[in-house]
Peer 1: 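I am attaching a structure below and will ask some questions about it afterwards.
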Amino acid sequence: MIVLVNLKDNVTPEAYERWLDERYVPAILELPSVDEWRGHRVLGLAEAGGEPSYEYIVTVGINDLEQLGKDMESERVQTLLGELGRYAEVTQLMTERFV
């Protein structure tokens with residue numbers, strides 16, 4: 001899964017990243033369906049000019065989509081997703097590695 005993230009106007013990068021480090025990422029990595037979570041800050045565009053469309057890109061290694069569905073229904077994950085919604089606007093893309 002690839003997640004594209006933009007912070008809400010009243011959220012600082014420091015607050016968001018601290019919340020990720022202290023609450024979100026440890027809990028997500030405990031899920032049976034998740035093998036890895038990697039967060040990337042977007043620093044700019046490779047080509048000259050313009051602004052990047054997203055501030056963060058997250059890659060999540062998922063080992064079982066059916067289990068992910070079960071994991072997402074848990075009260076703990078639903079609470080974390082509610083908290084995430086207070087920090088950022090996210091777009092989740094289900095992807096499949098082909099190379």
Side-chain angles (χ1 to χ4, degrees):
M1 179 188 317
I2 295 175
V3 183
L4 307 173
V5 179
N6 280 321
L7 299 181
K8 293 201 172 175
D9 289 338
N10 62 338
V11 176
T12 66
E14 295 80 13
Y16 171 67
E17 292 176 22
R18 183 174 46 256
W19 173 78
L20 287 175
D21 187 49
E22 293 174 0
R23 287 199 33 87
Y24 190 79
V25 175
I28 296 303
L29 288 174
E30 288 179 4
L31 298 176
S33 61
V34 175
D35 287 334
E36 75 176 359
W37 189 101
R38 293 179 183 248
H40 307 269
R41 285 183 208 101
V42 177
L43 302 177
L45 298 173
E47 64 273 1
E51 290 293 320
S53 300
Y54 297 95
E55 296 172 84
Y56 294 88
I57 297 174
V58 174
T59 59
V60 184
I62 297 169
N63 59 47
D64 184 331
L65 286 176
E66 185 175 330
Q67 181 63 47
L68 177 65
K70 294 174 187 173
D71 292 344
M72 297 299 283
E73 293 174 0
S74 75
E75 184 177 330
R76 183 177 189 194
V77 171
Q78 289 300 308
T79 297
L80 288 168
L81 291 175
E83 292 174 12
L84 175 59
R86 291 192 292 270
Y87 284 95
E89 299 290 337
V90 301
T91 301
Q92 297 176 328
L93 306 170
M94 297 307 293
T95 63
E96 178 179 55
R97 188 171 175 175
F98 66 93
V99 176

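Heavy atoms only: backbone and side chains are in, while hydrogens, waters and symmetry mates are out.
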Peer 1: Nearest 0.5 Å, please: how far is CG in Leu65 from CD in Gln67?
Peer 2: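 If I round to the nearest 0.5 Å, the distance is 11.0 Å.
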Peer 1: Show me the donor-acceptor pairs, under 3.5 Å and distance only, between side chains in residues 40-48 and residues at least two apart or in other chains.
Peer 2:
from  : atom 1 : to    : atom 2 : distance (Å)
Arg41 : NE     : Glu17 : OE1    : 3.4
Arg41 : NE     : Glu17 : OE2    : 2.9
Arg41 : NH2    : Glu17 : OE1    : 2.8

Peer 1: In terms of hydrophobic clusters joined by side-chain contacts under 4.5 Å, are Ile2 and Tyr24 together?
Peer 2: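 No.
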Peer 1: Would you say Val5 ends up clustered with Val25 if hydrophobic residues are merged whenever their side chains have heavy atoms under 4.5 Å apart, either directly or through other cluster members?
Peer 2: yes
Peer 1: Please list every donor-acceptor pair under 3.5 Å in which a side-chain atom of residues 26-35 meets a protein atom from a residue at least two apart or in another chain.
Peer 2:
from  : atom 1 : to    : atom 2 : distance (Å)
Glu30 : OE1    : Arg76 : NH1    : 2.8
Ser33 : OG     : Asp71 : OD2    : 2.5
Asp35 : OD1    : Asn63 : ND2    : 2.8

Peer 1: Can you hop from Leu4 to Leu84 via hydrophobic side chains spaced under 4.5 Å?
Peer 2: no
Peer 1: Kindly list each side-chain donor-acceptor pair under 3.5 angstrom involving residues 88-99, sequence neighbours excluded, with atom names and distances?
Peer 2:
from  : atom 1 : to    : atom 2 : distance (Å)
Arg97 : NE     : Val99 : O      : 3.0

Peer 1: Could you check if a side-chain atom of Val3 sits within less than 4.5 angstrom of a side-chain atom of Tyr56, using non-hydrogen atoms only?
Peer 2: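 Val3 does not reach Tyr56 side chain to side chain.
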Peer 1: Consider only side-chain heavy atoms of I, L, V, M, F, W and Y, link residues closer than 4.5 Å, and tell whether Trp37 and Tyr54 are in one cluster.
Peer 2: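 Shared cluster, no.
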Peer 1: Nearest heavy-atom pair of Arg23 and Leu80: which atoms, and what distance?
Peer 2: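 In terms of heavy atoms, the two residues are closest at NH2-CD2, 3.8 Å.
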Peer 1: Linking I/L/V/M/F/W/Y whenever their side-chain heavy atoms sit closer than 4.5 Å, directly or via other members, would Tyr87 and Ile57 fall into one cluster?
Peer 2: no
